[in-house]
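What follows is a short report on a single structure.
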Amino acid sequence: MSTSLEGLYKLDDLTVQDASVTAKITINKDHIVFQGHFPDNPVMPGVCMMQIIKEITEKIVEKQLFMQSASNIKFMALINPFINPELELQLNIIETEEGYKVKNISKFENTVALKSTSNFIVK
């Protein structure tokens, strides 16, 4: 059994305007992570959402990053990949002395699922 997050989501659209980024993704409802989280009631793990934010930020800044800290993480709605597979992530990426500060709002339809602020350092 693989533990890779590869194939968890597909990046459908990426719009970058200065520090503001809008990413539209589709979650793969058949990914192995949903077999264990949770059987018969799949929910996107919060840690996977944080990984997606990191990966999209890496794509934008073209650097490998390490999450140094995170604050104000608020999971506001469950993401069921069978019901709401399409997500929109709004990122505000600000370069800092140590790396990047990323503010995120992730939502499906008009429902906010996650708000967070993360600090990343360059690996």
Side-chain angles (χ1 to χ4, degrees):
M1 183 186 323
S2 173
T3 58
S4 171
L5 291 182
E6 187 174 323
L8 177 62
Y9 69 99
K10 179 179 72 152
L11 182 60
D12 299 316
D13 188 55
L14 188 63
T15 305
V16 181
Q17 188 171 27
D18 300 320
S20 296
V21 176
T22 300
K24 295 182 180 181
I25 67 170
T26 301
I27 300 169
N28 175 5
K29 64 181 177 43
D30 297 318
H31 194 275
I32 193 169
V33 74
F34 299 115
Q35 292 176 12
H37 199 272
F38 297 96
D40 300 322
N41 188 23
V43 175
M44 173 66 91
V47 68
C48 292
M49 285 301 301
M50 300 305 289
Q51 178 68 21
I52 292 168
I53 293 165
K54 180 181 95 89
E55 289 177 5
I56 292 171
T57 302
E58 287 176 330
K59 183 172 184 65
I60 299 301
V61 302
E62 299 178 333
K63 296 177 182 162
Q64 285 193 318
L65 302 174
F66 177 81
M67 183 185 292
Q68 182 182 42
S69 64
S71 60
N72 299 323
I73 300 173
K74 296 178 183 165
F75 294 100
M76 304 171 78
L78 297 176
I79 301 169
N80 181 321
F82 285 85
I83 298 171
N84 300 106
E86 296 174 353
L87 301 178
E88 179 180 286
L89 287 76
Q90 297 169 348
L91 307 178
N92 185 277
I93 303 171
I94 304 296
E95 190 167 4
T96 65
E97 284 185 22
E98 295 181 327
Y100 298 90
K101 180 177 186 173
V102 179
K103 292 184 179 182
N104 161 72
I105 298 174
S106 297
K107 60 186 177 179
F108 54 86
E109 297 173 0
N110 293 321
T111 301
V112 174
L114 169 64
K115 288 184 179 182
S116 66
T117 301
S118 304
N119 292 296
F120 297 97
I121 57 174
V122 179
K123 278 188 178 180

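Under the side-chain hydrogen bond (donor to acceptor under 3.5 Å, both in side chains) criterion, the residue pairs touching residues 40-53 are Q51-E55, with sequence neighbours excluded.
Among residues two or more places apart in sequence or in another chain, the side-chain contact (heavy atoms from CB on, under 4.5 Å) test is passed with P81 by I27, K29, F34, P42. Residues passing the side chain to side chain donor-acceptor pair (under 3.5 Å) test with S106 are N104, sequence neighbours excluded. Contacts of S20 classified as side-chain contact (heavy atoms from CB on, under 4.5 Å), with partners at least two apart in sequence or in another chain: N92. Qualifying side chain to side chain donor-acceptor pair (under 3.5 Å) partners for K54, counting only residues two or more places apart in sequence or in other chains: E58. Remark: I83 pairs with N80 by the side-chain contact (heavy atoms from CB on, under 4.5 Å) rule, at least two apart or across chains. Residues satisfying the side chain to side chain donor-acceptor pair (under 3.5 Å) criterion with N119, sequence neighbours excluded, are S69. Checked against side-chain contact (heavy atoms from CB on, under 4.5 Å), N110 has no partners two or more places apart in sequence or in another chain. Under the side chain to side chain donor-acceptor pair (under 3.5 Å) criterion, D12 pairs with K10, T26, not counting sequence neighbours.
Residue F66 shares its hydrophobic cluster (ILVMFWY side chains chained together at separations under 4.5 Å) with I121. Residue V47 is found outside any hydrophobic cluster, as its side-chain heavy atoms come under 4.5 Å of no other Ile, Leu, Val, Met, Phe, Trp or Tyr. Listed by chain and number, the hydrophobic cluster partners of M76 are I105, V112, where partners are ILVMFWY side chains within reach of under 4.5 Å, directly or through others.
Under the 4.5 Å side-chain heavy-atom criterion for ILVMFWY residues, no single connected hydrophobic cluster contains both V33 and F82. In this structure, L78 is a member of the same hydrophobic cluster as F38, with clusters built from ILVMFWY side-chain heavy atoms closer than 4.5 Å. At a threshold of 4.5 Å between side-chain heavy atoms, the hydrophobic network of Ile, Leu, Val, Met, Phe, Trp and Tyr places Y100 and V16 in one connected group.
For the pair S118 and M67, the tightest heavy-atom approach, listed with the atom from each and the gap, is OG-CE, 3.9 Å. The shortest heavy-atom contact between D13 and T15 is OD2-OG1, 3.4 Å. Listed here is the closest heavy atom pair of V43 and H37: O-ND1, 2.8 Å. Heavy-atom minimum distance, M49 versus I79: SD-CD1, 4.0 Å.
Note that the CG atom of N84 and the CD atom of E86 stand 9.0 Å from one another [nearest 0.5 Å]. A distance of 9.0 Å separates NZ of K74 from OG1 of T117, quoted to the nearest 0.5 Å. Rounding to the nearest 0.5 Å places NZ of K107 at 10.5 Å from NZ of K115. Considering OG of S116 and CE of M50, their distance stands at 4.0 Å, rounded to 0.5 Å.
Here the side chains of I56 and I25 are in contact, with some heavy-atom distance below 4.5 Å. You'll find the side chain of T22 stays beyond 4.5 Å of the side chain of L89, heavy atoms only. Using a 4.5 Å cut-off on side-chain heavy atoms (C-beta onward), K63 and K123 make no contact.
Under a cut-off of 6.0 angstrom, the local environment of CD in E98 is sparse, with at most 12 non-hydrogen atoms contributed by other residues, nucleotides or ligands. Environment of CG in L14: crowded, with over 12 heavy atoms of neighbouring residues, nucleotides or ligands closer than 6.0 Å.
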Trace of the side chain to side chain contact (heavy atoms under 4.5 Å, CB included) decision for L91 with K103: CA-CA 6 Å; L91 307 178; K103 292 184 179 182; over 6 Å; no

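Between the T57 side chain and the I53 main chain, a donor and an acceptor come within less than 3.5 Å of each other. N28 places a side-chain N or O within donor-acceptor distance of the main-chain N or O of G7, the cut-off being under 3.5 Å.
None of V61, L65, T96 except one satisfies the side chain to side chain contact (heavy atoms under 4.5 Å, CB included) rule with F120; the exception is L65.
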